[in-house]
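Report on the following structure.
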Amino acid sequence: MARMTQVTPFLMAKDFKAEVAFFRDVLGFEVGFLGEDPDYAFMHRDGVAVRLLQGTDFHDWLDREDMQMVYFDVDDIDGLYAELKPALDQLPDGRVNPPFDRFYGQREFHVRDEGPYLLMFGQGISTS
């Protein structure tokens with residue numbers, strides 16, 4: 001059975017570079033990944049992590065101003081998706097984005113809940 005291993009919040013940044021600098025220089029976080037198009041950073045320290053994004057239009061398939069995002073790291077993304085698929089198939093169209101690979105080295109699937117949350121599940125893509 002697939003396990004969830006960590007949950008990380010997405011934080012929307014008005015000034016992306018300043019936010020990255022704050023987490024790095026003030027709070028002592030390390031930069032695990034830093035992208036510039038779109039502006040995205042994964043930062044971690046002491047077993048906790050945050051994901052920073054510039055602006056609010058990260059997910060074109062969900063056009064919602066009030067969207068909040070939560071990221072669940074898992075150890076078997078395709079196994080978890082297969083486990084949840086029967087229930088996910090019962091959701092209305094547009095609520096599930098099936099597994100896909102991201103430019104920042106994660107394989108993910110996304111589920112929109114009943115409210116303002118986009119639940120994102122992901123696993124690092126092996127380079128070997």
Side-chain angles (χ1 to χ4, degrees):
M1 176 181 274
R3 287 183 332 109
M4 292 184 199
T5 61
Q6 175 175 277
V7 62
T8 55
F10 271 92
L11 304 176
M12 305 308 279
K14 289 183 181 179
D15 183 338
F16 179 76
K17 290 180 181 178
E19 197 74 23
V20 169
F22 174 81
F23 272 86
R24 182 189 60 226
D25 302 338
V26 176
L27 300 180
F29 277 66
E30 292 182 38
V31 177
F33 180 87
L34 182 61
E36 295 193 21
D37 187 21
D39 290 337
Y40 165 83
F42 175 80
M43 304 187 73
H44 57 92
R45 178 189 168 152
D46 303 329
V48 300
V50 296
R51 297 168 193 272
L52 304 174
L53 293 172
Q54 173 69 48
T56 59
D57 59 351
F58 187 67
H59 291 281
D60 295 337
W61 68 287
L62 291 172
D63 185 22
R64 296 176 53 144
E65 292 181 19
D66 62 345
M67 182 62 63
Q68 300 290 315
M69 295 177 276
V70 178
Y71 199 96
F72 295 88
D73 290 279
V74 302
D75 65 0
D76 180 2
I77 189 70
D78 292 309
L80 180 61
Y81 185 77
E83 178 184 326
L84 299 177
K85 190 171 183 335
L88 295 175
D89 285 347
Q90 302 303 309
L91 294 173
D93 289 345
R95 296 271 300 271
V96 178
N97 198 8
F100 62 103
D101 296 341
R102 300 295 288 178
F103 71 94
Y104 44 82
Q106 293 285 104
R107 181 159 176 79
E108 301 177 352
F109 70 88
H110 303 163
V111 180
R112 196 177 85 209
D113 76 353
E114 301 296 326
Y117 293 102
L118 175 62
L119 307 177
M120 306 169 79
F121 300 85
Q123 175 183 12
I125 298 171
S126 174
T127 57
S128 55

Q | Flag side-chain contact, heavy atom, 4.5 Å: Phe109 against Pro98 | A | no
Q | Within-4.5 Å side-chain heavy-atom neighbours: Phe100 and Glu108 | A | yes
Q) How would you list, by chain and number, every residue that makes a salt bridge (Lys or Arg N to Asp or Glu O under 4.0 Å) with Asp101, sequence neighbours excluded? A) Arg107
Q: Measure the spacing between CG of Asp75 and CD of Gln6 and express it to the nearest 0.5 Å.
A: 12.5 Å
Q: Nearest 0.5 Å please: distance from the CG atom of Leu118 over to the OH atom of Tyr71.
A: 11.0 Å
Q) Are Leu84 and Val111 close enough that some pair of their side-chain heavy atoms sits under 4.5 Å apart? A) no
(Q) Is the shortest side-chain heavy-atom distance between Leu80 and Phe72 below 4.5 Å? (A) no
Q | Val7 to Val70 - nearest heavy-atom pair and separation | A | CG2-CG1, 3.2 Å
Please output the side-chain donor-acceptor pairs of residues 42-53 that fall under 3.5 Å, not counting sequence neighbours, one pair per line with the distance.
residue, atom, partner, partner atom, Å
Arg45, NH1, Leu27, O, 2.6
Arg51, NE, Thr8, OG1, 2.7
Arg51, NH1, Tyr40, OH, 2.8
Arg51, NH2, Asp73, OD1, 3.1
Arg51, NH2, Asp73, OD2, 3.3

**Q.** Distance, nearest 0.5 Å, that separates CD1 of Ile125 from CZ of Arg102
**A.** 10.0 Å
Q) Taking atom CE of Met120 and atom CD of Gln106, what is their separation to the nearest 0.5 Å? A) 10.0 Å
Q) Between CG of Leu34 and CZ of Arg24, what distance do you get to the nearest 0.5 Å? A) 8.5 Å
Q: Work out which heavy atom in Ala2 is nearest to a heavy atom in Gly79; give both atom names and the distance.
A: CB-C, 4.3 Å
Q: Could you name each residue pair satisfying salt bridge (Lys or Arg N to Asp or Glu O under 4.0 Å) that touches residues 79-90, not counting sequence neighbours?
A: Lys85-Asp89
Q. Do Phe22 and Asp15 have side chains that get closer than 4.5 Å, going by heavy atoms?
A. no
